[in-house]
Every structure is written in structure tokens, then in C-alpha cells.
Amino acid sequence: MLPPKVYTFLCACFAAMGATLYGYDLGVISYVIVAPDFLRVTDNPNDNYMGFIVSSMLLGAFFGSIPACLIADWFSRRMAITVAGGVFIVGGILQTACQNKETMFAGRFFAGFGIGMLGVLAPLYQSEIAHPSKRGMLTATFQFFLGIGAIVAGWIAYGVQQTHPNDPIAWRLPLGFQMAPAVPLLLLSFLLPESPRWLMIKGRDEDALRTLARLHARGNTNDPFVRGEWLAMKEKLGQEAAIDQSWSLIFTDRTNMRKVLYGIILQFSVQMTGVSAIQYYAATVYKSVGFSQNTALLINSLNNINALFGELACILLVDRVGRRFPLIAGNMLAGTCFAVATALAKQFATGGGSRGQGIGFVAVLFIYNFAFSACIGPLSWVYPVEIFNTAVRAKATALTCMAAWISNFMIGQVSPKAWTNIGWKYYLVFTVCGFTNALTFYILFPETKGRTLEEMDLYFRETHWFVPGAKTPAVSAKEREEQLAQDGLAQERGLPGSDAEKGLQGDYNHHEHI
């Protein structure tokens with residue numbers, strides 16, 4: 001008998017454990033690749049091999065995205081989460097028991113395959129169970145749990161390496177522990193309520209109504225808000241059922257293509273802020289400004305805690321301040337931080353550099369990491385999944401996640417060579433991209449705060465691609481909730497619904513015209 005929003009939040013947190021697997025991998029790999037026994041087992045790999053050990057997980061994630069959306073559409077969101085947990089455990093076993101770099105590649109690939117599936121499924125499931133007024137908060141928990149995984153990984157790996165630096169346990173124990181969050185995903189996902197939108201896709205309208213009531217009204221199927229949301233879903237899905245719902249719907253509809261393009265731009269922009277380069281190769285980054293390897297790994301562990309506070313800030317504020325402003329401001333601050341970091345790193349590369357400048361470099365990266373975690377990282381999961389309609393949401397989310405993984409793979413692969421060949425100049429890439437990202441979001445990305453999933457198609461059709469010149473009145477969550485409740489009451493009385501509900505029919509007519 002928990003309050004509905006608390007119950008829904010806890011369901012979202014369970015799904016977000018999939019992000020813990022990804023965050024743990026981000027946090028642990030920088031410790032593993034410098035462990036002496038790991039280097040011995042993998043035969044001291046060169047920069048190319050080391051880059052591929054890091055990025056093979058991301059290659060697996062890329063290939064895991066499409067199967068995730070297919071299983072989610074065919075068998076349900078819950079079933080797909082269960083399968084992803086099982087695949088990840090296979091990868092974890094291979095990594096923990098590896099005897100050569102080939103086994104490590106295989107383990108990283110399978111673990112990445114599971115992570116790629118969960119990168120699609122967790123935000124997809126969270127957005128489909130969320131109350132419109134709390135959708136940003138629920139989906140932002142994905143990044144928060146990613147941060148928890150990174151913290152746990154960092155401190156476990158750091159502690160083991162302090163006590164057993166040259167032993168196999170220094171890297172095998174941290175790699176083995178990553179399987180722990182996958183066990184409940186494998187065994188307990190059936191306890192989650194199924195996505196009401198998936199139930200309605202399968203023609204189980206009454207089950208969808210009961211699930212909505214369970215999520216938002218303590219099981220009261222006559223609640224006006226629940227009836228209004230159920231009516232809007234039924235109306236929208238009824239219209240979508242009359243058109244082709246295959247992959248071609250994404251590529252033949254201009255609005256769907258526009259939204260997929262925005263998702264891909266957003267995911268690539270995240271990696272071009274430099275976050276993965278710093279996370280994967282933390283020891284290299286901090287050693288370059290005068291710190292020992294042990295101190296560098298400690299700094300990275302502390303920075304993971306710093307990031308968690310930023311992610312918490314996003315969860316608390318995203319449904320108040322929206323999506324557009326944090327993306328613009330966060331990227332501008334990221335570019336500024338890397339501009340300062342570049343100047344400081346240059347001092348060390350040219351034979352100078354003081355202790356104070358090294359500390360200044362760390363401080364700037366802490367500011368950057370907080371800004372990224374509060375304004376950029378969480379929204380890369382929130383924004384893409386909420387702008388698609390139900391007919392293409394799973395497929396389109398898979399495409400945008402593939403962009404995330406392939407861009408991440410690129411950074412993981414090129415970073416070792418970049419630091420070897422151009423050193424501090426590599427930071428200039430992230431400096432420039434922070435500002436170009438901000439400009440792109442300012443021009444192209446409309447605000448989506450407070451709008452229901454069912455109205456996103458109409459909203460994007462009516463919003464000009466050049467957003468600064470477009471008139472798109474903001475909608476408060478309270479206004480949207482009242483509108484849905486009015487629609488529910490109107491349905492019971494046999495009266496016409498709100499203008500928002502009627503707009504769905506106009507959206508359908510637009511599809512018919514195309």
C-alpha cells in the first residue's frame with residue numbers, strides 16, 4: 001500500500017539496476033588494465049589490444065541493442081530484462097575466469113551484449129510506467145544507478161589493489177563482483193508490473209487499465225487520471241494500429257526520422273564531452289599531471305562520488321527545469337572546464353607544471369564531472385526514449401542506443417593512441433565539442449517537460465526545427481494531469497475529451513495524408 005508515485009519510483013529503480021552493470025564496468029576497467037597480474041595473463045597488450053579490451057564491451061552493447069527491442073516487442077519488456085541479465089552473467093564468468101586476452105575479449109563482448117540490451121530496456125520500461133509529471137525523474141535514475149555502479153567498482157578495485165597489488169585477486173575479484181546486480185534482474189524481474197503500453201499493443205486493454213491503476217491510483221480503475229491516460233493510450237494505439245508498424249515507419253515518416261536523428265546527435269554529443277576518455281583511462285589522465293598511479297586511482301574513486309551528487313541533483317530537478325536548459329548550460333560548462341584543463345595539461349607536457357597546477361587540473365575535472373552528471377549524462381537516457389510513439393519506441397530507442405555504444409567504442413579505441421601521439425592536445429577536441437554541442441541543442445532540441453508520451457508526435461509536427469524561432473508554449477505537469485483527469489471524466493459521461501485528446505486524431509490524419 002505504498003503511495004503510487006513511491007511504488008512507481010521503486011519499480012523504476014529495480015529496472016535501473018541494469019545501469020549499475022554499465023556503471024560498474026566503467027568504474028572497474030581503469031583499475032583492471034593496470035593490474036600487474038592482468039597484464040601478465042594478457043601478455044602485456046599494446047595500445048591497440050588495450051583499446052580493444054576496453055571497447056569490446058561497447059561493441060557487444062552495439063550488437064545487443066536490436067535483439068533487445070525485438071524481444072521487448074514480441075515477449076514483453078520484463079522478459080527482455082530477464083534475458084539481458086542472463087547474458088551479462090555469462091560475460092562476467094568469462095572475464096573473471098579468463099586465461100588470455102582472447103577469453104577477455106569474449107567475456108567483455110557478452111557482458112556488453114547484456115549491457116546494450118539493458119541500455120534500451122531500462123529507460124524504455126521506466127518511461128512507459130512513469131507518471132507524466134515524474135517521467136524525467138524516473139528515467140534519470142538510470143544514470144544515478146550507473147553512478148552507484150561506478151562508485152562500488154572503484155572502491156572495491158582500489159581496496160583490493162592496495163592490499164594485494166600483484167595477486168590475481170587484484171583484478172579477478174572486482175570483475176567477479178560485477179555479476180551481483182544481474183542476479184535479481186535474472187530471477188526477480190517477473191515481480192515488476194508489465195508496461196501498460198505493451199499490454200495494450202497486445203490487445204490486453206483491461207490488463208493495461210489495471211496496471212495503470214496499480215501504478216498511479218492504488219489499484220483504483222475508476223480514478224479519473226487513470227481513465228484519462230488509459231483513454232489517451234487506447235486512442236493513440238488504435239490510430240497506430242491502422243498504419244504500418246514495421247521498421248519502415250521510422251524511415252518513411254519525417255517526424256520519426258527527425259526524432260531518431262535527435263537521439264543519435266544527443267548520444268554522440270555525450271561521448272564528445274570526454275566523459276568516457278576520462279573514466280576509462282583515469283590512471284593515464286591523472287598520472288600525466290604529476291600524480292602516482294595509486295593516487296590517480298584514488299582521485300578517480302572520489303570523482304565517482306562527486307558524480308553521484310550531480311546525478312541526484314538531476315533526479316530532483318529535471319522535472320522542474322526541463323531538458324533543454326540543462327543540456328545547453330551543462331555543455332557550455334563542460335567546454336569551459338576542458339579549456340582550462342587543456343592549458344594546465346600543456347604545462348606538464350612541456351616540462352613544467354607545479355603541484356598546484358596538478359591540483360587545479362583535478363579540481364576542474366571534478367567541476368566538469370558534476371556538470372556532466374547533473375545536466376548531460378542522465379538526459380541522454382531521458383530525452384530519446386520519451387519523444388517516440390509506442391509503435392516505434394522500442395525500435396527507435398535501440399537505434400539511438402546503438403549510436404551511444406558505437407561512439408563510446410570509438411572513444412575507447414582511439415584514446416590510448418591519442419594520448420600517446422598528441423598528448424594534451426587531445427583535450428582540445430572535448431573543449432570545442434562542448435560549445436558546439438550547446439549550440440546544437442539551442443538550435444534543434446525543443447522542450448519536452450510535462451508532455452505525455454501520446455502527444456509527442458503532434459508536438460514535434462507542430463514545432464519548427466529551428467527551435468529559438470518556434471512558439472511552443474510550456475505545459476506544466478499539473479495542467480497535463482488535470483487535462484487527463486478531465487478526459488477520464490468526459491469518457492464516463494460520454495462527452496468530448498480535451499483539446500489534447502482531440503489532437504491525437506489530427507496526428508492520425510497527418511499519417512493518413514502521408
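Starting from 1, each residue takes its place in the sequence as its number.
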Straight-line distance of [X] [atom1] to [Y] [atom2], nearest 0.5 Å:
X      : Y      : atom1 : atom2 : answer
Gln143 : Leu379 : CD    : CG    : 9.0 Å
Leu327 : Ser380 : CG    : OG    : 9.0 Å
Ile115 : Leu21  : CD1   : CG    : 6.0 Å

Query raised in the report: Residues two or more places apart in sequence or in another chain: which of them pass ring pair (Phe, Tyr, Trp, His ring centres under 6.0 Å) with Phe142?
Result: Trp381
Requested in this report: Quick one: list whatever passes ring pair (Phe, Tyr, Trp, His ring centres under 6.0 Å) with Phe430, sequence neighbours left out.
Outcome: Phe338, Tyr426
**Report entry** Counterpart residues, side chain to side chain donor-acceptor pair (under 3.5 Å), relative to Tyr262 (two or more places apart)
**Finding:** Arg258
Query - Residue list, side chain to side chain donor-acceptor pair (under 3.5 Å) with Ser288, at least two apart or on another chain - result: none
**Report entry** Partner set under side-chain contact (heavy atoms from CB on, under 4.5 Å) for Ala153, not counting sequence neighbours
**Finding:** Tyr24, Val28
Query - Contacts of Phe435 that satisfy side-chain contact (heavy atoms from CB on, under 4.5 Å) - sequence neighbours left out - result: Thr336, Thr431
Query raised in the report: Any luck finding a side-chain donor-acceptor pair between Asn303 and Tyr368 under 3.5 Å?
Result: no
Query raised in the report: Of Glu454, Glu386, Glu128, which is the lone residue that meets salt bridge (charged side-chain N to carboxylate O under 4.0 Å, His left out) with Arg393?
Result: Glu128
Query raised in the report: Cation-pi between Arg77 and Tyr125: NZ/CZ under 6.0 Å from ring centre and within 45° of the ring axis?
Result: no
Query raised in the report: With no hydrogens and no angle check, is any side-chain donor or acceptor of Thr397 less than 3.5 Å from a backbone partner on Ala394?
Result: no
Query raised in the report: Charged N to carboxylate O under 4.0 angstrom, Asp253 versus Arg461?
Result: yes
